[in-house]
Amino acid sequence: VWILLPLGWAAGAWGLWAWCRHDLVLGWSEVWPAYSVAGVIFSVGFGWAAWWYRRHRMNESFVVLVATVWLGWFWVWPTLAPLLASQKPFIAMAQEINTRIPPEMLSRMKWAGSQDPRITWYGDLRIPRVMDPIDLLKMQKGKRSYKVETRLVAEEMVRELATDTPVLFLINREDYDKFFDKAPAETASKGQVFPKTCFWFRSPIGRTKTQFVVFGNVPPPFSVTPNDKADE
């Protein structure tokens with residue numbers, strides 16, 4: 001306990017430091033104070049319990065063990081856990097949508113691909129889907145297929161992008177990459193021309209899995225900055 005537990009916390013600190021370098025949301029300076037205190041609490045508490053246990057003082061060892069778990073819980077839950085489960089990427093994207101998209105275009109925005117309720121919650125937004133799930137279910141005669149639904153939604157997106165009616169799509173970064181990787185080729189295979197699209201902006205912070213993109217068939221009313229198009 002005295003040797004392996006501190007080594008385990010040190011290894012965890014290294015992993016957390018490496019994660020913070022690539023997370024693009026949290027800085028190591030934000031995390032290390034809370035993590036260090038948690039490491040001290042558990043290392044000292046469990047080490048003390050092991051010391052009592054080694055002396056065959058089972059009751060004292062158990063009391064210290066329980067006290068350490070509770071003390072660690074009361075420290076980790078309000079300090080470290082909120083940092084590791086940060087909602088900053090979703091809050092930031094909700095703010096971007098509310099501040100950068102004109103009201104008349106916001107009413108024309110639709111969810112495409114995987115939806116995330118945190119953006120609609122933090123932004124107090126009401127965004128319909130490209131295709132209603134009930135309609136998709138009816139089209140498949142009650143049998144759900146991810147492959148079929150993906151194709152149907154993508155085809156509807158291409159159809160709406162090709163019209164003169166302004167439309168915007170809010171889409172997860174990974175689904176955005178998949179759409180532009182496959183949809184143009186699928187459209188061309190049907191003898192059709194893939195419509196011109198206009199990139200608006202993406203999530204200002206966060207890893208790829210927590211990033212979202214807004215694009216449509218009309219240009220944005222603002223200049224697209226390098227940060228908007230980073231990795232686009």
Side-chain angles (χ1 to χ4, degrees), residues 89-90 92-140 144-232:
F90 309 100
M93 188 56 179
Q95 292 173 342
E96 290 284 294
I97 291 172
N98 279 320
T99 57
R100 303 186 70 177
I101 299 180
E104 64 273 13
M105 287 302 300
L106 189 59
S107 64
R108 296 183 178 277
M109 187 164 67
K110 298 181 179 181
W111 266 116
S114 303
Q115 292 91 43
D116 196 300
R118 286 170 288 191
I119 290 181
T120 55
W121 174 261
Y122 292 128
D124 192 23
L125 299 165
R126 303 295 182 271
I127 307 174
R129 303 186 186 190
V130 173
M131 298 185 72
D132 188 273
I134 301 300
D135 293 337
L136 283 171
L137 195 61
K138 290 179 179 178
M139 295 172 69
Q140 300 172 89
R144 296 203 61 183
S145 167
Y146 174 78
K147 184 177 181 180
V148 172
E149 291 183 9
T150 300
R151 177 178 56 80
L152 291 173
V153 171
E155 290 176 349
E156 177 63 19
M157 291 172 65
V158 172
R159 188 192 69 78
E160 294 189 25
L161 287 168
T163 64
D164 295 329
T165 303
V167 64
L168 286 181
F169 294 117
L170 173 61
I171 187 170
N172 176 278
R173 171 66 182 278
E174 292 184 333
D175 292 332
Y176 174 81
D177 293 338
K178 291 177 183 177
F179 177 73
F180 281 97
D181 181 52
K182 297 182 179 180
E186 291 289 335
T187 304
S189 67
K190 299 176 182 178
Q192 303 173 357
V193 178
F194 187 76
K196 180 182 178 181
T197 61
C198 299
F199 179 89
W200 280 49
F201 59 88
R202 67 174 180 88
S203 300
I205 57 175
R207 294 167 293 164
T208 300
K209 290 185 178 181
T210 59
Q211 286 185 0
F212 291 81
V213 176
V214 173
F215 75 100
N217 59 357
V218 292
F222 49 81
S223 299
V224 178
T225 66
N227 182 63
D228 289 328
K229 292 183 73 71
D231 303 323
E232 189 263 323

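It should be emphasised that the depicted structure is a prediction, and the values quoted were computed from it without experimental measurement.
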- request: Starting at CD1 of Ile127, measure out to CG of Leu106 and round the result to the nearest 0.5 Å.
  value: 6.5 Å

query: What distance separates Glu96 CD from Ile119 CD1, expressed to the nearest 0.5 Å?
result: 11.0 Å

- line: So the salt bridge (Lys or Arg N to Asp or Glu O under 4.0 Å) pairs with at least one residue in residues 103-120 (sequence neighbours excluded) are Lys110-Glu160, Asp116-Arg118

query: In a check of ring pair (Phe, Tyr, Trp, His ring centres under 6.0 Å) between Tyr176 and each of Phe212, Trp200, Phe215, which one passes?
result: Phe215

- prompt: Got Phe222 and Phe201 here, is their nearest side-chain heavy-atom distance under 4.5 Å?
  reply: yes

task: Report the residues that fulfil side chain to side chain donor-acceptor pair (under 3.5 Å) with Asp175, sequence neighbours left out, ordered by chain and then residue number.
output: Ser114

task: Mind running side-chain contact (heavy atoms from CB on, under 4.5 Å) on Met93 and Leu170 for me, showing each step along the way?
output: CA-CA 10 Å; Met93 188 56 179; Leu170 173 61; 3.9 Å; yes

Got a list of side-chain donor-acceptor pairs under 3.5 Å for residues 181-192, not counting sequence neighbours?
residue	atom	partner	partner atom	Å
Thr187	OG1	Ala183	O	2.8
Ser189	OG	Glu186	O	2.6
Lys190	NZ	Glu155	OE2	2.8

- request: State the CZ-CD distance between Phe90 and Gln95, to the nearest 0.5 angstrom.
  value: 13.5 Å

task: Answer yes or no: is there a side-chain heavy-atom contact under 4.5 Å between Glu156 and Leu152?
output: no

field: Arg173 side chain near Ser203 side chain, heavy-atom distance below 4.5 Å
entry: no

- request: Identify the heavy atoms of Cys198 and Val218 that sit nearest to each other, and give their distance.
  value: CB-O, 3.3 Å

query: Going by heavy atoms in the side chains, are Val158 and Pro195 under 4.5 Å from each other?
result: yes

Non-hydrogen side-chain atoms of Met109 and Ile97 separated by less than 4.5 Å: yes

- prompt: Got a second to check how far Asn217's CG is from Met157's CE, nearest 0.5 Å?
  reply: 11.0 Å

- prompt: side-chain contact (heavy atoms from CB on, under 4.5 Å) between Thr120 and Trp111: does it pass, once the steps are laid out?
  reply: CA-CA 10 Å; Thr120 55; Trp111 266 116; 3.5 Å; yes

- request: Please examine the side chains of Thr197 and Phe169, heavy atoms only from C-beta on, and report whether any two atoms are closer than 4.5 Å.
  value: no

- request: Look at the side chain of Glu149 and the backbone N and O of Leu136, then say whether any donor-acceptor pair between them is shorter than 3.5 Å.
  value: no

